[in-house]
A.B. asks: 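Please see the structure below; I have some questions.
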Amino acid sequence: MSLSQPKVGFVSLGCPKALVDSERILTQLKVEGYDLVPNYDDADVVVVNTCGFIDSAVAESLDAIGEAMAENGKVIVTGCLGKRSEVIREAYPDVLSISGPQDYASVMDAVHTALPPKHDPFIDLVPDYGLKLTPKHYAYLKISEGCNHRCSFCIIPSMRGDLVSRPVDQVLREAEKLVMGGVKELLVVSQDTSAYGVDVKYAEREWHGKAYATRMKALCEGLGELGVWTRLHYVYPYPHVDDIIPLMAEGKILPYLDIPFQHASPRILKLMKRPGAIDKTRERIARWRDICPDITLRSTFIVGFPGETEDDFEELLDFIEEVRLDRVGAFTYSPVEGAAANALPDSVPEEVKQERLARFMELQAQISEEKLADKVGTTQRCLVDAIDGELAIARSMADAPEIDGLVQIQDGRDAGLKPGAFVDVEIMGSDEHDLFGEVAYDD
Ligand code: SF4
């Protein structure tokens, strides 16, 4: 029966938030009876979900559109780059339709026009929790769109607008369905997770007969009821983040915070239009570790921001050395078309940016290696992602998928582990990024 259904190809680019948009569109396509096909030849029409965050993402998105035009010719474009439709039209005037992020209705309209759906009584067989692009045992949970900040290097607010929070009961119901569908780890994403609910004045909603505020803490309490791992991403360093650390200490949500600090020099933070009170951040980190000693802190930093002097950069190195974050990503500053930071004077020469990045990464690699070595001899609760030969490839509570390290379980296959299984692992070795161990059996 499905062979007679209209067929859609799908190309998904960009960040986890764009991935969530893709999942929504794919779910709707499936609900309406479209077949999803993995190649251009079989597709009657191709949807490309684009990213427009930095120049390299724009180029990648335009390449993807170009490939789909050349290989198929019937192309619907959506996503962040869709906000700049003139860029797309100039390169590919014949694309069928262009829409911006979260504009599911426009994408579906364009698909209906190009390829009317056929009635199929079996279309309701789509699982209740929708279709996911991530492996079955973890899923991204998008809680809001847009952002009220105006960091000078970022154009997301101009592309996605101000913060719009999803009602807390809707998010909790979606999370519950995901868990019923086999998900073991929920990854909470947004542009600014800690601002959740500000726009709706923390409106209360009911879930399972209990009132929950549309607010980060209440959301975490609700998610904590589901009995799976909940991991928070993109948390802005606000004081009220302190309120959720006890939930981590109690084991309700994972003791893990992805909190982009971006820099540690108050002068550069001010130029970035980010919170500049770095001493408060230092105190806050110390307090979090007092309340929850096992907390894993991940952060990202930008080096070579316009105006960054050697002194500013050394302030950043001192901060990293002092606070010893567990996981760190760093990027050299690259101007994004339309960002306010482009107008700042004193841009840093490329070779200086690269040299600073190398020094930063060398220091962090050393810290990471030492911190992971401290885990040798401990037992870590892990979630298995895959089986690779003899090994099970897993992650501990300290490791988010895609961006952090792994735990290689040497006897994983013999122990009969499967993706999605939780297992205690005795850690026997470590390197800069990963841990190695064996299944821990009770004596
Ligand atoms: S917090 Fe700053 S970097 Fe993040 S989306 Fe908002 S404006 Fe952009």
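Just so you know, residue 1 is the first one in the sequence shown, and it goes up from there. Counting starts at 1 for both ligands and their atoms, in listed order. Because only heavy atoms are used, hydrogens play no part in the values below, and waters and symmetry mates are left out as well, while side chains stay in.
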A.B. asks: Just to be sure I understand the site: which N, O or S atoms from the protein are less than 2.8 Å away from atom 2 (Fe) of ligand 1?
C.D. replies: Cys151 SG
A.B. asks: Applying the side-chain hydrogen bond (donor to acceptor under 3.5 Å, both in side chains) test to Tyr256, which of Thr230, Thr296, Asp294, Asp404 qualifies?
C.D. replies: Asp404
A.B. asks: Hey, what do you get for CG (Leu254) to CZ (Arg381), rounding to the nearest 0.5 Å?
C.D. replies: 11.5 Å
A.B. asks: May I ask you to check whether Phe305 and His263 place their ring centers less than 6.0 Å from one another?
C.D. replies: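 Aromatic pair excluded; centres sit 6.0 Å or further apart.
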A.B. asks: Verify whether the ring centers belonging to Phe422 and Trp229 lie closer than 6.0 Å.
C.D. replies: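 Ring centroids of Phe422 and Trp229 are less than 6.0 Å from each other.
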A.B. asks: What's the shortest heavy-atom distance between Ser99 and Ser106, and which atoms?
C.D. replies: CB-CB, 3.6 Å
A.B. asks: With sequence neighbours left out, write down each residue that passes side chain to side chain donor-acceptor pair (under 3.5 Å) with Asp258, or none if nothing qualifies.
C.D. replies: His233
